[in-house]
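The structure under discussion appears below in the form of structure tokens.
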Number of protein chains: 2
Amino acid sequence: MKKPTPPVSGAAPNMKQVAEAAGVAVSTVSRALTNPGRVNEKTRTRVAEAARKLGYTPNAAARSLRMGKSKTIMIVLPGALYYGASQIIPLALAGIDGLLARNGFKILIANLDREEATEQHIINLAGSGTVDGAIVLSSAPPSVGGRSLKDLGLPVVAMLHDISDQGVPSVITNEHQIMCAATELLIAEGHRQFLYVAGPDGVYHEVHRYAGIREAIARHGLPESALTRTEGVGAYQEGFNIGFAAAEQLLAMAPRPTAALCCSDDAALALLKRLLDEGIEVPSEVAVMGFDGAAVGALFRPALSTIEQPATEMGTRAAALLLEMLAGEEVPPVTVVDSTILRRGSA
Amino acid sequence: MKKPTPPVSGAAPNMKQVAEAAGVAVSTVSRALTNPGRVNEKTRTRVAEAARKLGYTPNAAARSLRMGKSKTIMIVLPGALYYGASQIIPLALAGIDGLLARNGFKILIANLDREEATEQHIINLAGSGTVDGAIVLSSAPPSVGGRSLKDLGLPVVAMLHDISDQGVPSVITNEHQIMCAATELLIAEGHRQFLYVAGPDGVYHEVHRYAGIREAIARHGLPESALTRTEGVGAYQEGFNIGFAAAEQLLAMAPRPTAALCCSDDAALALLKRLLDEGIEVPSEVAVMGFDGAAVGALFRPALSTIEQPATEMGTRAAALLLEMLAGEEVPPVTVVDSTILRRGSA
DNA sequence: TTGTAGGCGTTATCAA
DNA sequence: TTGATAACGCCTACAA
């Protein structure tokens, strides 16, 4: 018999050793461990005991290879792993992780926008059988040369963005509607001149939130001039800069808007600070409304009013959808979890 | 020949198919793809072309099984995946992920304190060959029945906590020294009565930071009564509550401390808010110093002075150490990356 | 330079 | 109820 290269070999015991220790065949060990019903109770106990004594853990790679699945889910995060005060991503992860872990899945983190050809890396993870499915928190499922995650036949769920038009079931929040509602609230309280502090141009959220505000403006018969929109000055990660830039713009405007609706709490908090530094009273002179529901906003003076996203629940829902897809069930193309307006003082 | 159960079988092509398409043997494909030097250039091109055309990606499970390693690193996070405003964990992850991804490693997230028997889960991941190493951000490496991660022969690196006494190389910051320095700074500016707003009792950080303050107090000949320490009221995740509780205590004290040093920015910001709400001037009546370096602290009025932890760099260092260990190199038991005092206004 | 063959640890089929 | 055995896809020692 040829002697193959001993591939590493830590002390990790394998089934054969357990089988020997228990005085049974390998196949019996396998059954005893994974299919306890189909094996004699006494044998089962003997095997379990041997496994315990040896500290046996089934080799995941071998199982994966044999079964064709890995019990691993990939989470695709947008951009750099720094997300300001909003905590949307960590909360979403908590939701996802909670449900998936409870179902025996491992979580593999992949994030986009890394230096190297990351999209390729992600596609590879999918194609290599490393993962059984993916949850995408970035705006588009990664793709290389027109070949995207879902083309690989991998179950994919999106959250935060609606990409159901690309055939990816999506968990989103009611951005349009809640932004409309918030605006209507402010209109009802007498505001007539609005500033929308926008995030990156053309991004999904921006389209919908802005549309929501416009709808409220239109519905109440206010002129188009009642709403100004800042120019996108960068990614959400640079929320503070967005807020500071918006402050400059607001301070220079005449007539001055009496209400600012922001794309994120980071932007809102930076704007808030700058306004207060300028001696402007919030909310009496300018009302400021954030978006996200960052807990830290409650510590500002005045406390930041904001739109709270149900990030954890969205995560849980996305995970649940993925589990259903893995089970071969049909899932709805779009799942909406409502955000809520959180009035804390600044608007 | 027996007909084995076709295990799933997506359309994922394997080496055999590539070999057929290229008109060579499987082993040649393997060589061409992983050891391009040892194969005829023309053959190599033909193989590469076939692989490209078929959209071939090597199966990770098979490779893992054969090679005995997975190119996957487990990151063990403490507690729930919600970390207040501090961003230490996300920043650390960014640092870790950056270096590891660049070296072709995948990142598996495991977090402690989940409902189920999570320690067992983590140990299993390690024992099952799923991961080649681990970076631990929690205070102790998970263990079950006295069997800990490192007993499994897995390279482990710790960060944030020094557990080098357990044989785990650790990347930490100079908590003791920087806290001492910050206190000395405040003493030099005339402060004589201090409050330390403590985190959870008995935790590593608390021991070292408190010791740092005490050293400064002692070195300058101040009496023990110059320093009061709040009782730990909960985990770091509940930073706001820690701060609020501390505020109550501070307001009730006589003589009132003129400087509060806090275990986290979350605690410091909550304390700050509460003091300002009470009409207390910061920093003139009470100086407030945070810990972590949360970016959002700069938006408060006054802006939060704090001790900035080099979280990203610590992450990078930890990853680097792990890579060295995987390469069989010796690594130092303790690596210290300095924090810096960030004076922004509140102290 | 290329092909043949064996085995990594597991599960599932089939026969006993 | 149990055991022998054939793959899963890959890598590598060895032969050609």
Side-chain angles (χ1 to χ4, degrees), chain A residues 1-20 22-47 51 54 56-71 124 127-130 132, chain B residues 1-20 22-47 51 54 56-71 124 127-130 132:
Chain A
M1 199 180 290
K2 275 182 207 168
K3 192 149 40 84
T5 317
V8 176
S9 120
N14 59 19
M15 262 191 184
K16 197 165 149 207
Q17 296 171 42
V18 176
E20 277 162 14
V24 297
V26 178
S27 50
T28 303
V29 175
S30 177
R31 259 181 314 236
L33 262 31
T34 62
N35 221 339
R38 304 188 56 76
V39 70
N40 184 299
E41 175 55 21
K42 244 166 88 182
T43 319
R44 202 197 57 70
T45 330
R46 203 145 35 93
V47 169
L54 290 175
Y56 170 74
T57 312
N59 180 292
R63 179 175 279 174
S64 234
L65 177 58
R66 176 62 229 233
M67 310 278 282
K69 50 214 197 79
S70 61
K71 280 286 207 173
N124 283 351
S128 67
T130 306
D132 294 341
Chain B
M1 199 182 291
K2 275 182 208 166
K3 191 147 43 78
T5 316
V8 176
S9 123
N14 59 19
M15 263 193 183
K16 194 162 151 213
Q17 295 172 42
V18 176
E20 276 162 15
V24 296
V26 178
S27 55
T28 304
V29 175
S30 177
R31 260 180 311 237
L33 262 31
T34 61
N35 219 341
R38 304 190 57 75
V39 70
N40 183 298
E41 175 56 20
K42 243 164 89 182
T43 318
R44 201 197 59 70
T45 329
R46 202 145 35 91
V47 169
L54 290 175
Y56 170 74
T57 313
N59 180 292
R63 178 175 280 173
S64 236
L65 178 57
R66 174 63 230 240
M67 309 285 279
K69 49 212 200 81
S70 61
K71 280 285 206 175
N124 283 351
S128 66
T130 307
D132 294 340

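In what follows, chains carry the letters A, B, and so on, assigned in the order in which the sequence lines appear, proteins first and then strands, with residues in each chain numbered from 1.
Rounded to whole angstrom, the span from the CE atom of A/M67 across to the P atom of D/dG9 amounts to 14 Å. Atoms CG (B/L33) and C1' (C/dT2) sit 16 Å apart, rounded to a whole Å. Residue B/K69 contributes atom NZ, which lies 15 Å from atom C1' of C/dC8 at whole-angstrom precision. Taking atom CD of residue A/Q17 and atom C1' of nucleotide C/dC8, one finds them 13 Å apart after rounding to whole Å. Spacing between atom CG of A/L65 and atom C1' of D/dA6 amounts to 13 Å, rounded to whole angstrom units. What separates CG of A/N59 from P of C/dT11 is a distance of 10 Å, to the nearest Å. Summarising the geometry, the separation between CD on B/E41 and C1' on C/dT2 is reported as 16 Å, rounded to the nearest angstrom. The CG atom of A/N35 sits 14 Å away from the C1' atom of C/dT10 (whole-angstrom rounding).
Nearest to the side chain of A/P58, among D/dT2, C/dT10, C/dG3, sits C/dT10. Side-chain proximity of A/M15 to the nucleotides C/dT11, D/dG9, C/dG9 is greatest for C/dT11. The side chain of B/S30 lies closest to D/dT12, out of D/dT12, D/dT2, C/dT11.
With hydrogens and angles ignored, a donor-acceptor pair closer than 3.5 Å exists between the side chain of B/R66 and the base of D/dC11.
B/N35 contributes no side-chain N or O that, together with a main-chain N or O of B/R38, makes up a donor-acceptor pair within less than 3.5 Å. In this structure, B/S70 contributes its side chain and B/S64 its backbone to no donor-acceptor pair below 3.5 Å. Looking only at distances, no side-chain donor or acceptor of B/S30 sits under 3.5 Å from a matching main-chain atom of B/V26.
Considering only heavy atoms from C-beta on, A/T28 comes within 4.5 Å of A/R31 through its side chain. Looking only at side-chain heavy atoms (C-beta outward), B/R44 and B/V47 stay at 4.5 Å or farther from each other.
An OP1 or OP2 oxygen of D/dC10 is reached within less than 4.0 angstrom by no side-chain nitrogen or oxygen of B/T34. Between B/R63 and the phosphate of D/dC11, there is a side-chain N or O to OP1/OP2 separation shorter than 4.0 Å. Contact check, A/T28 against D/dG3: a side-chain N or O comes under 4.0 Å of OP1 or OP2. The side chain of A/N14 contributes an N or O atom lying less than 4.0 Å from OP1 or OP2 of C/dG9. Between B/S27 and the phosphate of C/dT2, there is no side-chain N or O to OP1/OP2 separation shorter than 4.0 Å. In terms of phosphate contacts, A/R31 brings no side-chain nitrogen or oxygen within less than 4.0 Å of OP1 or OP2 of D/dT1.
Nucleic acid contact for A/V24: sugar-phosphate only, since backbone atoms but no base atoms lie under 4.0 Å from a heavy atom of the residue. No contact: B/S64 has no heavy atom under 4.0 Å from any strand.
Nucleotides of DNA chain C nearest to B/A62 and B/N40 differ in position, and the one nearer the 5' end is that of B/N40.
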### Task
Show your working on side-chain contact (heavy atoms from CB on, under 4.5 Å) between B/T130 and A/K71 and close with a plain yes or no.
CA-CA 11 Å; B/T130 307; A/K71 280 286 207 173; over 6 Å; no
